[in-house]
Amino acid sequence: MLRRLSSRIGRSVFTLPLTAIAALLVVWVTESAHIESTQSLQGLGERAIARAHIQTLWRVLVDAENGQRGYLLTGRKEYLKPYEDAQAVIVESMGWLRAYYRSDPQAGPLIDEIVIRARVKQAELAATIQDHEMGRIDRWVARLETDDGRVQMEAIRESSEKLLSLESARVAQNRQAVFDTLSLSRIAVDVLTLVGLAAFLFFVRQISVLDAQQREAARALQAERDLLESEVGTRTAELTELARHLQTAQEQERSHLARELHDELGALLTAAKFDSARLKRSIGSLTPEVAERLRHLDTTINQGIALKRRIIEDLRPSSLSNLGLQAALEIQAREFAERSGLSVDIDLSPVELSDEAKITVYRLVQEALTNIAKYAAATSVIVSLHTEGERVWVSVRDNGKGFDTKRIERSTHGLVGMRYRVEAVGGVLRVESRPGNGTTISAWLPALPVATVAASQSPAADHEPAPSAAAAAPAPAPTPVPAPATSAASAPDSIV
Amino acid sequence: MSVALPLKLFIVEDSALILESLRAALEELAPVVVVGSAADESSAVRWLLEPGNSWDLAIVDVFLKSGSGLGVLASAARAKGGKKVVFTNYATRDVRERCEALGADRVFDKSSELDDLIDYCARLAEPDAVPQPASPA
């Protein structure tokens, strides 16, 4: 509940104005306390001066009276010194005090009385001294005997004491006012400090709550992101798997179609061809018209056979299944060289690959050569195939005009499909090219371990007879390329 | 000597239709007799290596149901017997080179060289005669 309240306060639109008002209030309290205290202290100083003047006045009057008495008794002039000195001091103190108490209803009458009495006393002193100087003893003695001087002094003393006690009361009052102001100011500062501390703690709490909320939000976001990422990973893997499956299915379907075409359609066409040959030979004397029809029939059958062959070759290179990868690549390279007029060098050594990978290599070289013919404007091409440790490396390099791999690679479907095929059999494709510097397409595919080769080839022998047959061949070098051991070291042979 | 003995043929061909057409065509147009046939590599090799079997000419297709005509050629080299020719749909230059390297005497294309095969059989059957086709010119 406290948290709810505090958060409501924290969020309220009045928070800022309230804070500002509280701060201004405290500033006002301390400022006015400061002004008041300063004034009070200044007042205290002036009261001390006033006290000093009152006391000085009294003392100087006493000194003057003493001097007068000494002079009267001894007749020596030096006794008059305090009396003479007193005149100036009396004038100054009386002036100050009258100015100070001018508008004071309490102290004003008292100071007036003091001033009047002091003047009367001064006059009395002056008269007696004058009488003495003139030698009129009886007159100054009589003056002294009137007792008037004593009465005046008594009255002055009384008034002075009253004034001093009034001043003391006022000082006490002033002091009290300063204390009050100071304690009020202290309370205000204390309260503000406490409120500020509370606000600070509240603020800190709010900040930490906010922090916790932000951390929580960030955590939730991260969790969401992780989830999405793993989702994307899963989907990508699924898509890769699916695409790979489709690729395999496509190759199998092509292979199946090719076999079907060869076995069924091929046999029919060949049988028809035999029949036409027999017809030609068995009937000794043909009319020119029948002979012509027969020739036409023979031509039609030949066209059918050529068409069937071309379709089968496109679907699945017969050389690959009949003669093995190395020979198939040689044939492909030679046919490309004849077709395109380019110089094609080959540098091939025997490799062990899965059936899938063999087709991949074959198609990769096919696609690369097609691209060279279409875009590269090259004059020579090198096709290489070697085993590198546990991997088989195949590359097609041309000396054509090349291209910017960053710009072209994504948009060219041939390269994307090529990369895809290679990755689907666990390989890596690399395209290196620079404008004006030719293009090299390389792929590394996992080689079959020898044990796996033996195991996988006995059941696969039905569909893949060529490698075992070629391996069993007694002929020393069935291919026109140099032996594998030397071919890696020597420069590739030109086959054109 | 002038009496021609029928030439004993062994045919390796996985298509029954082609086998029958070929047998009919050859037996009709040349003095030959088909003494055996096989549809795959292993049974062909078994027949060829069987001591009791005698043959003058083996006609081998490259592309078989199982195994390959190339394997048959390689094995036939060890068998005592007559000539070996390849009769295939894939008579490309490579296939020809390969087959000749494996001991084939001739390679004929199934679609375009049937007449040549028939003439070749006829010549083999009459070794002393002048190379003359069986049919009248």
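Per chain, numbering begins at 1; letters A, B, ... match sequence-line order. Here the structure is a predicted model, which is why all the values come from computation and not from measurement.
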| task | Give, as side chain, backbone, both or neither, the part of Leu269(A) having an atom under 4.5 angstrom from any heavy atom of chain B. | result | neither

| So what's closer than 4.5 Å to chain B heavy atoms on Ile331(A): side chain, backbone, both or neither? | both

| task | Could you label the plane-to-plane angle of the Phe63(B) and His262(A) rings as parallel, tilted or perpendicular, counting under 30° as parallel and over 60° as perpendicular? | result | perpendicular

| task | Can you tell which part of Leu114(B) gets under 4.5 Å to a heavy atom of chain A, answering side chain, backbone, both or neither? | result | side chain

| message | For Ile118(B), which atoms come within 4.5 Å of any heavy atom of chain A: side chain, backbone, both, or neither? | response | side chain

| said: So, taking the atom named CG in Leu22(B) and the one named OG1 in Thr270(A), what distance separates them when rounded to the nearest 0.5 Å? | reply: 10.0 Å

| request: Indicate yes or no: does Asp109(B) engage Arg309(A) in a salt bridge with an N to O separation below 4.0 Å. | output: yes

| field | Salt bridge Glu27(B)-Arg278(A), side-chain N to carboxylate O under 4.0 Å | value | no

| query | Which heavy atom in Ile18(B) sits nearest to a heavy atom in Gly266(A), and how many Å separate them? | reply | CD1-O, 4.5 Å

Among [options], single out the residue with the greatest number of heavy-atom pairs under 4.5 Å to chain A.
options	answer
Ala24(B), Ser75(B), Ser112(B)	Ala24(B)
Arg93(B), Lys110(B), Glu13(B)	Arg93(B)
Val62(B), Thr92(B), Asn89(B)	Asn89(B)

| query | Counting only heavy atoms not in Glu289(A), do more than 12 sit closer than 6.0 Å to its CD atom? | reply | no

| task | Start with the C-alpha gap between Glu264(A) and Leu17(B), add the side-chain angles, then the distance that decides, and say whether side-chain contact (heavy atoms from CB on, under 4.5 Å) holds. | result | CA-CA 9 Å; Glu264(A) 307 299 331; Leu17(B) 180 61; over 6 Å; no

